[in-house]
Number of protein chains: 2
Amino acid sequence: MRIGELATRAGVSVRALRYYEEQGLLRSTRSPSGQRHYPEHAVDRVQLVQMLYGAGLSSKTIADLLPCVDAQVSTPESRARLAAERDRIDAQIVELTRTRDRLDAVITLSTSPAGGCAYEGAPAEQEPVAI
Amino acid sequence: MRIGELATRAGVSVRALRYYEEQGLLRSTRSPSGQRHYPEHAVDRVQLVQMLYGAGLSSKTIADLLPCVDAQVSTPESRARLAAERDRIDAQIVELTRTRDRLDAVITLSTSPAGGCAYEGAPAEQEPVAI
DNA sequence: CTAGAACCTGACGTTGACGTCAGAGGCAAG
DNA sequence: CTTGCCTCTGACGTCAACGTCAGGTTCTAG
């Protein structure tokens with residue numbers, strides 16, 4: 001398929017796909033006229049890249065890890081790298097959970113009728129307190 | 001305390017604190033000469049801000065939420081906003097968990113002796129497969 | 001009183017993951 | 001054949017959260 005279809009199917013922009021290729025995260029074959037062509041599984045590959053970006057990995061880190069994710073090569077270093085990134089993500093999950101619980105507490109407090117800042121009745125033009 | 005001490009105690013840079021004030025996330029009183037002074041609880045405030053930044057919230061979003069986090073005001077809108085952000089974080093946790101599990105699978109595969117890419121013996125100058 | 005650390009404002013620099021625009025070529029339909 | 005959409009390269013623009021530098025003031029230890 002060509003780049004437009006891949007973009008649509010993977011849910012990213014055409015620009016992003018060219019950027020991924022530039023960063024060594026995605027390959028393409030070229031037609032004689034220079035147009036990029038991709039196999040079916042490129043969709044999965046792009047979604048994996050998105051997943052890793054979403055976890056806060058940089059292009060360079062992803063480029064380092066992808067060959068190992070493809071299960072084509074495995075050195076002690078690459079496995080350590082994978083484990084390190086997994087641990088980073090684990091820590092990130094813990095942090096996010098703490099943040100969510102904190103927000104939950106705030107919501108509970110401000111929703112509870114016993115709370116000091118519960119909302120009751122008509123929109124009382126209450127002056128928001130300063131910072 | 002002055003800005004340098006707050007920075008040290010909260011684990012951020014002086015520049016970051018001035019930026020937070022600029023964004024309306026932090027207040028300070030000023031000495032006659034113009035130097036910023038902070039109360040003790042500013043440390044907690046800064047760490048909360050860091051926490052929210054860490055969860056991917058923008059300055060503007062944090063500025064919107066902070067008054068409610070302070071449990072000073074609560075409108076249906078602000079509570080909805082808090083809940084929306086919490087839900088976003090929840091979704092983020094789910095996504096991160098999926099990503100971590102994916103990495104875990106890769107690690108298991110590449111570590112398992114049955115795996116097609118296990119590392120054995122001396123560093124065999126194995127050619128990493130292309131992208 | 002003076003040196004040096006800390007602070008001030010203002011402003012430009014940085015980085016990553018793209019967005020966007022220009023100008024030119026490619027491809028299927030009518 | 002030409003119309004219109006897709007694609008190409010190259011290059012500049014963007015945005016957020018600061019980093020960093022300049023040039024000047026203030027505080028504090030000796």
Side-chain angles (χ1 to χ4, degrees), chain A residues 1-39 42-43 45-66 85 88-89 92 95 99 131, chain B residues 1-39 42-43 45-66 85 88-89 92 95 99 131:
Chain A
M1 79 190 79
R2 290 190 300 171
I3 199 170
E5 187 183 346
L6 178 57
T8 302
R9 289 178 54 182
V12 304
S13 69
V14 165
R15 177 67 175 92
L17 294 181
R18 289 200 268 251
Y19 178 74
Y20 295 168
E21 183 168 327
E22 192 181 315
Q23 300 299 307
L25 311 179
L26 189 61
R27 267 192 316 176
S28 67
T29 57
R30 299 298 187 107
S31 72
S33 63
Q35 299 204 341
R36 292 170 177 87
H37 286 269
Y38 303 92
V43 176
R45 162 57 53 115
V46 171
Q47 285 171 348
L48 171 61
V49 168
Q50 285 281 106
M51 193 176 202
L52 296 175
Y53 271 129
L57 308 204
S58 69
S59 292
K60 179 164 173 22
T61 304
I62 297 176
D64 289 350
L65 296 186
L66 274 184
E85 291 304 327
R88 234 183 32 72
I89 293 174
Q92 205 173 330
E95 255 306 287
T99 305
I131 315 159
Chain B
M1 80 191 79
R2 290 191 299 170
I3 198 169
E5 187 182 347
L6 177 57
T8 303
R9 290 177 55 183
V12 304
S13 70
V14 166
R15 178 65 175 94
L17 295 180
R18 290 200 267 252
Y19 178 73
Y20 294 169
E21 182 168 327
E22 194 180 314
Q23 301 297 309
L25 311 179
L26 189 62
R27 268 194 314 177
S28 67
T29 57
R30 298 296 188 107
S31 73
S33 63
Q35 298 205 342
R36 293 171 176 86
H37 286 270
Y38 303 91
V43 178
R45 161 57 54 117
V46 171
Q47 285 171 349
L48 172 60
V49 168
Q50 285 281 106
M51 192 175 201
L52 295 175
Y53 271 130
L57 307 205
S58 69
S59 292
K60 179 163 174 23
T61 304
I62 297 175
D64 289 350
L65 296 185
L66 275 184
E85 289 305 327
R88 233 183 33 74
I89 294 175
Q92 205 172 332
E95 254 306 284
T99 305
I131 315 159

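Worth knowing before you read on, the calculation uses all heavy atoms, side chains too, and leaves out hydrogens, waters and symmetry mates. Letters A, B, ... mirror the listed sequences (proteins, then strands); counts begin at 1.
You'll find the side chain of B/L52 stays beyond 4.5 Å of the side chain of B/L65, heavy atoms only. You'll find the side chain of B/H37 reaches within 4.5 Å of the side chain of B/R2, heavy atoms only.
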Going 5' to 3' through nucleotides 17-29 of chain C and flagging B where a protein heavy-atom sits under 4.0 Å of the base, S where only the sugar-phosphate is that close, and - otherwise, we get BBBB-----SS--

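Phosphate contact (OP1/OP2 of C/dC7, side-chain N/O of B/R36, threshold under 4.0 Å): absent.
Remark: A/R9 pairs with A/M1, A/E5, A/E40, A/V43 by the side chain to side chain contact (heavy atoms under 4.5 Å, CB included) rule, at least two apart or across chains. B/T8 is linked by a side-chain hydrogen bond (donor to acceptor under 3.5 Å, both in side chains) to nothing, counting only residues two or more places apart in sequence or in another chain. Among residues two or more places apart in sequence or in another chain, the side chain to side chain contact (heavy atoms under 4.5 Å, CB included) test is passed with A/S58 by A/K60, A/T61.
Between its two ends, the helix from C/dC1-D/dG30 to C/dG30-D/dC1 turns its axis by 10°, counting five pairs per end and rounding to 10 degrees.
Note that CZ of B/R36 and CG of B/L26 are 9.0 Å apart. Values are rounded to the nearest 0.5 Å. The distance from atom CZ of B/R45 to atom CZ of B/R27, rounded to the nearest 0.5 Å, is 8.5 Å. Atoms CD1 and CD, from B/I3 and B/E21 in turn, are 7.0 Å apart once rounded to the nearest 0.5 Å.
A/S59 and A/Y53 share a donor-acceptor pair across their side chains, judged by distance under 3.5 Å alone.
By the 4.0 Å N-to-carboxylate-O rule, A/E85 lies close enough to A/R88 to be salt-bridged with it.
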Please list, for nucleotides 2-5 of chain C, all pairs of protein and nucleotide N/O atoms separated by less than 3.5 Å.
none

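Put simply, CE on B/M1 is 16 Å from C1' on C/dC7, counting in whole angstrom units. Protein atom CD1 of B/I3 is 12 Å distant from nucleotide atom C1' of C/dT9, rounded to whole Å.
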